[in-house]
Amino acid sequence: MRKLLYFYSFLYEKYMIVRLQEKTILNQFSDNKVMVLLGPRQTGKTTLALKIAKESALPYSIWNCDEADVQAAITNANNIKLQNLIGDKKLIVIDEAQRIENIGLTLKIIHDTIPGVKIIATGSSAFELADKINEPLTGRKWEYNIWPISFEEMVNHTDWFTEKKQLEDRLIYGYYPEVVNKPTERQDLLQSLGSSYLYKDILSWKNIKYPDRIGKLARALALQIGQQISYNELAQLTGMDKETVERYIDLLEKAFIVYRMYSFSRNVRNELKKNRKVYFYDNGLRNAIINNFKPLALRTDTGALWENWLMTERLKYLHYNKIYCSRYFWRTQAQQEIDYIEERDGQLFAFEFKWNVKAKGIISKTFTNNYPGSTGKIITPDNMEEFITSSSAKN
């Protein structure tokens, strides 16, 4: 276990990409709550948890729940056994906590009966960990999402001009930490992630009837980013029924592979009301799933990659800066559309995404006329920093 700790410490000290969530976590560190770090595999949750533990000045221990002996030791343990396991440590990092049966109750016991012990738990599958901790830890936890590295984090790590030069590369290979830090191995790393590793949690889910079709569904979704999806059409493509397709998309979402966006509808009679789009948390993973790492000049999906990248970078920006809003797209039966809409404090903000800075872009007058007070903006590579970074990131 110590070897694992030294390995992650070495990685952090070598690459030193500071995560934006670190400041938020440190600001709440003194609170008497369990800190839960959620996100995809290999996005740096363990590295961040160990860095915080190392710098806390508290005596700490790491419990790696992928290890069978750790699972056996803490599964359904009572407070006396947990106290013996903790010993004189004041901080416990519980890595891949979803591996432990009844982990929510275990965390509750430590929190409620062993005073003075801080807990940081990490998990890679929301459908396992969140379900296990939500009720037992009601009012006792802080949750933080740790996604692949953001554009702003890379700007802070290098500088704005250096990262801007990497934009085309990021649209193709994404932001998984190991992919960023090992560019000569990135295709192999992404193929490994895309082929089976990220499906590990999903395929172990007890109600999976067609495990071989999850990959087929993921490929179908990858080919439709930026487009409205039809559960019926996806069912025909994958050989599953509509309900199974919807359930499997939900599992892909809870495994931090994709996320859904829904259509906005209030005033216009022919607005599409029940449509949805699916985006990927990382462009590189998406491209690995369809096995396409061609440069942008040879692709037909550049616009879709740009839209997916902006959607996800905006998601990171909003979350890390605690900006709360509802997110939508907008389209009418007459094919009028807006790529992205945010509703914040009762005001609507509309955005169109254009990869070609010379391309003409407009915000639909039908939308602005029917939603007075709304604002609109075209986002291109020339002004993207105001959309996905804080004001200080470029300085």
Parallel, tilted or perpendicular: ring planes of Phe293 versus Tyr173, cut at 30 and 60 degrees: parallel

Parallel, tilted or perpendicular: rings of Tyr371 and Phe367 (30°, 60°): tilted

Taking atom [atom1] of [X] and atom [atom2] of [Y], what is their separation to the nearest 0.5 Å?
X	Y	atom1	atom2	answer
Leu221	Ile229	CG	CD1	6.0 Å
Thr375	Phe351	OG1	CZ	6.0 Å
Thr389	Lys316	OG1	NZ	13.5 Å
Thr106	Leu85	OG1	CG	10.5 Å
Asn283	Leu171	CG	CG	6.0 Å
His157	Met154	NE2	CE	5.0 Å

Verdict with supporting geometry, Tyr175 and Val180, side-chain contact (heavy atoms from CB on, under 4.5 Å): CA-CA 6 Å; Tyr175 274 124; Val180 171; 4.1 Å; yes

Got a salt bridge between [X] and [Y], using NZ or NE/NH1/NH2 to carboxylate O under 4.0 Å?
X	Y	answer
Lys242	Glu233	no
Arg170	Glu163	yes
Lys377	Glu352	no
Arg286	Asp282	no

Ile338 to Ile363 - nearest heavy-atom pair and separation: CD1-CG2, 4.0 Å

Shortest non-hydrogen separation from Leu318 to Cys325 and the atoms involved: CD1-SG, 3.6 Å

Please tell me whether [X] and [Y] have a donor and an acceptor in their side chains that are separated by less than 3.5 angstrom.
X	Y	result
Asp241	Thr244	yes
Glu253	Tyr248	no
Asn291	Gln191	yes
Glu96	Gln98	yes
Tyr279	Glu307	yes
Gln336	Thr366	yes
Glu337	Thr332	no
Asn287	Asn292	no

Within the 4.5 Å heavy-atom criterion, are [X] and [Y] side-chain neighbours or not?
X	Y	result
Arg276	Gln228	no
Glu153	Val18	no
Phe353	Trp309	no

Qualifying residues under side-chain contact (heavy atoms from CB on, under 4.5 Å), relative to Glu168, sequence neighbours excluded: Leu296, Trp355

By side-chain contact (heavy atoms from CB on, under 4.5 Å) - contacts of Lys108 (at least two apart): Asp112, Pro136, Leu137, Arg140

Assigning hydrophobic clusters by single linkage (Ile, Leu, Val, Met, Phe, Trp, Tyr; side-chain heavy-atom cutoff under 4.5 Å), is [X] placed with [Y]?
X	Y	value
Phe161	Ile388	yes
Ile114	Val36	yes
Phe329	Tyr262	no
Leu26	Ile120	yes
Ile323	Phe349	yes

Check: Tyr259 ring centre within less than 6.0 Å of Tyr281 ring centre: yes

Near-ring test Phe264/Tyr340, centroid separation under 6.0 angstrom: no

More than 12 heavy atoms from other groups under 6.0 Å of CD1 on Ile80: no

Cation-pi, Trp142 ring and Lys33 (6.0 angstrom, 45 degrees): yes

Stepwise side chain to side chain donor-acceptor pair (under 3.5 Å) test for Gln236 and Tyr231: CA-CA 9 Å; Gln236 292 175 3; Tyr231 292 147; over 6 Å; no

Test side-chain contact (heavy atoms from CB on, under 4.5 Å) applied to Leu38 and Ile146, step by step: CA-CA 6 Å; Leu38 291 171; Ile146 309 297; over 6 Å; no

From CA spacing to verdict: side-chain contact (heavy atoms from CB on, under 4.5 Å), Ile52, Ile25: CA-CA 9 Å; Ile52 291 171; Ile25 294 171; 3.4 Å; yes

side-chain contact (heavy atoms from CB on, under 4.5 Å) between Ile249 and Leu234, worked out: CA-CA 10 Å; Ile249 291 177; Leu234 290 169; 4.0 Å; yes

